[in-house]
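This report refers to the structure that appears directly beneath it.
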Amino acid sequence: MILAFDIGNTNVAAGIFVRGQLVSHRKMRRPPVAGRRWWKELTVQACAEAGTVPANLGGCVISSVVPPVSRLLPGVLRKLTGTDPLLVKGSLPLGMAFAYDDPARLGADRICAMLAAVKKYGAPVIVVDCGTAITLDGVSRRRKHVGGMIAPGMAMSAAALGRSTAALPAAEWSVPLRPAGTDTLSGIRSGVWFGAVGGIREIVSRLKAVAGKSATVIGTGGDAPALMKSAALFDVLDPTLVLEGAVTAWQTVRGGKKSPTSRRRGAKR
């Protein structure tokens with residue numbers, strides 16, 4: 001039984017996996033300041049939903065793009081579970097070559113999404129993760145990362161217009177009722193929406209040129225369902241892709257075994 005975390009800039013997801021299958025899953029907004037107590041309570045709750053307790057876990061794996069959490073959470077999990085958590089990063093032996101000058105700087109969420117996409121859907125594949133930022137990554141038929149692109153997410157784009165201009169108001173994005181807005185707010189919402197839709201289509205086209213024209217396009221992240229429903233940008237919608245990829249990373253690196261440096265709390269010596 002493995003506990004996996006997907007920690008983004010806005011949300012956090014936790015999932016319990018048994019023999020590689022997701023059996024329990026929860027997602028919530030991450031508070032701006034989340035201390036040890038908050039993470040401990042989340043871990044206990046995630047385990048309880050799967051009918052277990054942290055001490056019974058066989059391992060923990062973390063995909064995090066938030067450095068303070070990446071530093072804090074492993075210690076919390078180590079104390080709760082008695083196992084050494086795996087923090088996903090590009091420098092690990094994950095069985096995939098990443099087209100980054102420094103793979104250690106590639107986002108853990110992007111790494112996990114690619115690992116799961118290749119495992120579940122084969123290659124070539126393109127992953128579009130629509131969250132606070134929109135990230136797009138391509139993997140070739142030879143299962144090599146060919147590179148990716150990063151764009152602002154829709155909420156970020158709408159907020160930036162309000163912050164960076166004197167006359168435009170702050171606005172939340174939504175699917176527009178018509179292509180061209182008839183007032184300032186509807187104009188912002190249309191611009192943000194169609195800017196994202198058109199940007200994703202163009203970037204996917206560019207990535208297919210290097211990853212392979214037959215690449216399956218996978219959508220994930222909080223804004224992906226709206227983009228799939230109204231714009232049909234993806235071949236597949238997979239909301240738990242990063243969590244599943246985190247477990248794939250754990251299985252690849254740890255081979256299904258606990259870290260030899262850790263000991264389950266309460267175990268006989």
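Counting begins at 1 with the first residue of the sequence.
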Side chain to side chain, [X] and [Y], heavy atoms closer than 4.5 Å:
X	Y	result
Val128	Val204	yes
Arg110	Val127	no
Pro225	Lys229	no
Ser186	Pro176	no
Thr240	Lys27	no

Is [X] linked to [Y] within one hydrophobic cluster, defined over Ile, Leu, Val, Met, Phe, Trp and Tyr using a side-chain heavy-atom separation of less than 4.5 Å?
X	Y	value
Val242	Val12	no
Tyr100	Leu136	no
Val65	Met149	no
Val53	Met1	no
Met156	Ile203	no

Nearest 0.5 Å, what's the [atom1]-[atom2] distance between [X] and [Y]?
X	Y	atom1	atom2	result
Gln45	Ser24	CD	OG	11.0 Å
Asp235	Ile218	CG	CD1	6.5 Å
Met114	Phe98	CE	CZ	5.0 Å
Lys79	Arg36	NZ	CZ	8.0 Å
Lys119	Met96	NZ	CE	12.0 Å
Ile188	Trp173	CD1	CH2	15.0 Å

* Assess whether side chain to side chain contact (heavy atoms under 4.5 Å, CB included) is satisfied between Ile16 and Cys47, documenting all intermediate values. => CA-CA 7 Å; Ile16 297 288; Cys47 290; 4.3 Å; yes
Which heavy-atom pair separates [X] from [Y] by the least distance, and what is that distance?
X	Y	result
Asp137	Gly148	OD1-CA, 3.5 Å
Ala34	Trp38	CB-CE3, 3.7 Å
Ala46	Ala14	CB-CB, 4.2 Å
Ser140	Val146	CB-CG1, 3.9 Å
Pro54	Thr43	CG-CG2, 4.2 Å
Cys130	Leu227	SG-CD1, 3.6 Å

Partner of Thr83 under side chain to side chain contact (heavy atoms under 4.5 Å, CB included), picked from Leu80, Thr81, Leu86, is Thr81
Heavy-atom neighbours of [X] [atom1] exceed 12 at 6.0 Å:
X	atom1	answer
Lys208	NZ	yes
Asp101	CG	no
Arg105	CZ	no
Lys120	NZ	yes
Glu172	CD	no

Residues Ile200, Ile134; criterion side chain to side chain contact (heavy atoms under 4.5 Å, CB included); working and verdict | CA-CA 9 Å; Ile200 290 171; Ile134 299 174; 4.3 Å; yes
Residues Asp6, Asn11; criterion side chain to side chain contact (heavy atoms under 4.5 Å, CB included); working and verdict | CA-CA 8 Å; Asp6 170 17; Asn11 297 314; over 6 Å; no
Using only atom types and a distance under 3.5 Å, with no angle test, would you say the side chain of Thr252 pairs donor to acceptor with the backbone of Thr248?
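Present.
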Is there a donor-acceptor pair under 3.5 Å between the side chain of Arg30 and the backbone N or O of Asn9?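 Yes.
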#### Entry: Side-chain H-bond candidate by donor/acceptor type, Tyr121 with Asp238, under 3.5 Å
yes
Working for side chain to side chain contact (heavy atoms under 4.5 Å, CB included), residues Leu77 and Leu3:
CA-CA 10 Å; Leu77 295 177; Leu3 171 62; 4.3 Å; yes
Evaluate the ring planes of Trp39 and Phe5, with Trp represented by its six-membered ring, and classify them as parallel (under 30°), tilted (30 to 60°) or perpendicular (over 60°).
perpendicular
